[in-house]
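Notes for the one structure printed next.
Proteins get letters first, then strands, A, B, ... in listed order; numbering begins at 1 in each. Computed from a prediction, not measured in an experiment: that's the story for all the values here.
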Amino acid sequence: MSQSLGDNPQTPQTPQIKSQPEGEVFDLGYRHYDGPRGGRGTAFLALYSDGLRTVMGLGRGVPAKIMPTIFALLALGPALFIVSLTSFVTLFASDPDEIELPGHEDYFQFTFIIMLLFAAIIGPALLSPDRRNSVLALYAVRPLKSLDYSLARWLAFFTFSVAFALIPQALLYLSFLLYDDSPGGYIKDHGRDLASFIGVGLILAAFMTSLAMAAASLTTRRAFASAGVIAFIFITAAVGGFGQEILTSDEDRQKYRQEHEPFKQHDGPQAPDGDAAHYLQLLILPDSVVEGLTGWIFGSRTEFPISPWWNVATISAITGAAFGITGFRYRKFGA
Amino acid sequence: MSALLSARNVTKVYGQTVALNDVTLDVEAGTTGLLGANGAGKSTLMTLFLGIIQPTSGQFSVFGEDGGDPIHAHRLIGYSPEYECLPPNVSAAEFVMHMARVSGLPRREARTRATDVLRHVGLDEERYRPMGTYSTGMKQRAKLAQAIVHDPQLVLLDEPTAGLDPAGRQEMLELIARTGHEFGISMLISSHLMGDIERTCDRIIVLEAGGLLEQGEVSRYTTDTETLVLEFDEGIEAVAEALSRWGIVSIFEGRALVIEDASPDDLDTIRDVVVETGALLHRLAPRAHSLSDIFRRPVQ
């Protein structure tokens with residue numbers, strides 16, 4: 001802008017070398033493009049990588065980067081703390097085996113709620129604003145089929161959810177491995193841990209992603225979608241909890257006390273259960289279904305009030321239904 | 001040359017509303033204006049050609065392909081809807097590049113073209129600012145940029161001058177005309193303003209209440225006619241009287257005389273009469289048609 005030169009009080013002191021232009025602007029005008037033109041694949045990848053950038057808040061100003069940074073710290077912080085604790089214990093404790101450090105399964109119990117918040121708060125950014133700002137109308141005239149859009153966005157968030165679930169676990173595993181007296185033996189003894197945390201991580205990531213995307217597909221406001229995800233988890237938990245209380249008979253409760261109280265078992269059923277209560281428990285997501293599934297996969301829990309396959313079925317049904325809702329909401333995304 | 005877009009007896013009904021009523025038209029290469037009042041069916045026609053909606057009855061083709069193959073056609077079509085469609089927290093540079101990639105361009109080319117196109121539409125300086133901070137004119141330019149970033153063969157612009165003041169509208173129209181004429185991108189531009197179309201387009205399609213009213217070359221409607229208009233500063237009555245003595249019928253229109261079906265001989269007579277009466281002639285010119293005449297004529 002040329003007028004700003006006159007306002008600058010330092011202008012008179014600057015040497016007069018105006019005769020030598022510092023640069024020249026060439027207006028190349030409009031040029032036609034005759035390079036390669038991709039189809040659905042290219043468009044899909046573009047949507048996917050844009051989704052990744054959206055999650056991280058890249059190209060969107062500073063405020064959009066604050067929450068992703070906080071979540072990255074929340075996901076990694078505790079793992080780094082445990083890693084440093086492990087090294088401390090290994091180096092200074094007289095008998096390191098006596099001290100029990102949090103393991104992979106404990107870590108999932110901790111990250112579940114943070115993953116849930118991550119999905120609820122960041123996830124909707126991938127879908128809700130596009131509908132709210134009518135950007136969908138522009139995607140509708142690109143070489144995309146409607147499901148490409150929702151699938152690319154789903155995969156973008158799934159990628160981060162998997163990273164969220166698995167990177168801290170991998171750090172833990174690596175540190176346990178390196179601080180062990182015989183790393184080879186550790187792998188042999190804890191091979192199941194590795195497979196288990198990968199399995200649970202993938203399931204949790206798919207579950208959270210589907211839930212967040214479904215909520216985001218139903219509203220154009222991110223805040224509503226966030227509230228929806230959190231409400232879904234807590235309302236189902238509350239319904240399940242109350243239902244279980246109501247449906248459990250006094251006889252069941254009595255029987256339970258007699259059987260379990262003296263031993264204070266960790267891995268036994270946590271509440272007395274009648275038949276109806278067993279089924280209602282399927283609804284209690286954070287406490288029972290995910291925990292039951294995690295315990296089952298890690299092999300730490302042997303006694304289940306109902307078959308763990310019910311947990312698998314519930315998780316699959318909710319994930320599938322949420323995925324279906326998202327697909328349905330974008331079946332014709334331009335009209 | 002075969003038409004880029006064509007519709008044959010297309011009807012589109014939404015519930016009780018007939019948005020398009022038995023419309024048959026062709027959009028050929030070049031710049032075509034789609035004129036009509038709000039609700040005349042302009043946007044419906046555009047979304048139909050874009051493959052977003054299907055007609056209730058009738059056939060249409062895009063790039064000569066019946067019913068259109070959206071995936072193929074969308075690589076060669078650009079579109080800017082009439083409403084706002086830009087994410088407010090993203091910069092134009094980021095967004096236009098993203099749209100180029102979604103249109104199928106490789107990353108490097110997408111970046112180069114986004115920069116080029118934003119310079120072309122005059123958003124060079126502001127391209128790193130979030131688009132939420134843009135004025136209406138800048139938003140319209142950004143919408144145009146995302147529509148042409150993949151170098152399409154055909155661009156559909158729905159009300160590209162909406163919300164602009166007269167100066168902004170003039171600039172936008174010049175930009176569109178330049179994009180269409182100099183760079184050989186065919187355009188279909190909808191507007192409810194006659195002047196917009198008259199200034200920028202080679203051909204015109206006029207819709208009224210979902211039906212086709214007219215289609216043809218703009219020049220057909222704006223060529224000179226046989227009607228002469230004479231404007232006077234003084235002496236208009238004397239001229240009219242003298243002309244009637246020569247058998248030339250003239251009609252008063254304010255400070256002007258209008259002579260219909262004037263022959264070349266009449267011009268000589270008029271010259272002589274003006275000299276003889278000493279009237280002060282201000283202007284003498286053939287009257288040009290205006291597109292607005294289309295609406296004055298009775299509908300067949």
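- Neither the backbone nor the side chain of B:Pro130 comes within contact range of chain A; no heavy atom of the residue lies under 4.5 Å from a heavy atom of that chain.
- For B:His74 and A:Tyr139, the ring centers sit 6.0 Å or farther from each other.
- Looking at A:Arg37, its side chain does come within 3.5 Å of a backbone N or O of B:His150 through a donor-acceptor pair.
- Remark: A:Phe224 CZ is loosely packed, at most 12 non-hydrogen atoms of other residues, nucleotides or ligands lying under 6.0 Å away.
- Both the backbone and the side chain of B:Gln146 come within contact range of chain A, each with at least one heavy atom under 4.5 Å from a heavy atom of that chain.
- Using a 4.5 Å cut-off between heavy atoms, B:Glu94 touches chain A through its side chain atoms alone.
- Two residues are said to be in side-chain contact when any heavy atoms from C-beta on lie closer than 4.5 Å; B:Met99 and A:Arg142 meet this criterion.
- For A:Ser226, there are no side chain to side chain donor-acceptor pair (under 3.5 Å) partners two or more places apart in sequence or in a different chain.
- By the neighbour-count criterion of 12 heavy atoms within 6.0 Å, atom OH of B:Tyr14 is densely surrounded, having more than that number from other residues, nucleotides or ligands.
- Of all heavy-atom pairs spanning B:Tyr79 and A:Leu138, the tightest one is O-CD2, 3.9 Å.
- Every residue two or more places apart in sequence or in another chain that forms a side chain to side chain contact (heavy atoms under 4.5 Å, CB included) with A:Leu52 is listed here: A:Tyr48, A:Ala156, A:Thr159, A:Phe160.
- In terms of heavy-atom proximity, B:Ile52 sits nearest to A:Val141 at CD1-CG1, 3.8 Å.
- With a 4.5 Å cut-off on non-hydrogen atoms, B:Ser103 touches chain A through its backbone and its side chain both.
- Under a cut-off of 6.0 angstrom, the local environment of CD in B:Gln59 is sparse, with at most 12 non-hydrogen atoms contributed by other residues, nucleotides or ligands.
- In this structure, chain A has no heavy atom under 4.5 Å from any part of B:Leu156.
- Across all their heavy atoms, B:Glu109 and A:Tyr33 have their closest contact at CG-CE1, 3.5 Å.
- The closest donor-acceptor contact from the side chain of A:His32 to the backbone of B:Phe183 lies under 3.5 Å.
- In this structure, chain B has no heavy atom under 4.5 Å from any part of A:Thr54.
- For the residue pair A:Ser49 / B:Arg101, a side-chain donor-acceptor distance below 3.5 Å is found, with atom types taken as modelled.
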Review point. B:Leu86 and A:Val135: side chain to side chain contact (heavy atoms under 4.5 Å, CB included), yes or no, with the steps?
Key: CA-CA 6 Å; B:Leu86 306 168; A:Val135 185; over 6 Å; no
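- To the nearest 0.5 Å, the span separating CZ on B:Arg75 from CZ on A:Arg40 amounts to 12.5 Å.
- At most 12 non-hydrogen atoms from other residues, nucleotides or ligands lie less than 6.0 angstrom from CZ of A:Arg221.
- For A:Pro129, no part lies near chain B; criterion is any non-hydrogen pair under 4.5 Å.
- Between A:Ser134 and B:Cys85, the closest heavy-atom pair is O-CB, 3.5 Å.
- Proximity to chain A (any heavy atom under 4.5 Å) is restricted, for B:Phe95, to the side chain, taken from C-beta onward.
- Among the candidates A:Leu58, A:Asp34, A:Thr42, the residue making the largest number of heavy-atom pairs closer than 4.5 Å to chain B is A:Thr42.
- Contact tally against chain A (heavy-atom pairs below 4.5 Å) for B:Ser91, B:Gly51, B:Pro88: the top residue is B:Pro88.
- Within the 4.5 angstrom heavy-atom criterion, no atom of A:Arg132 approaches chain B.
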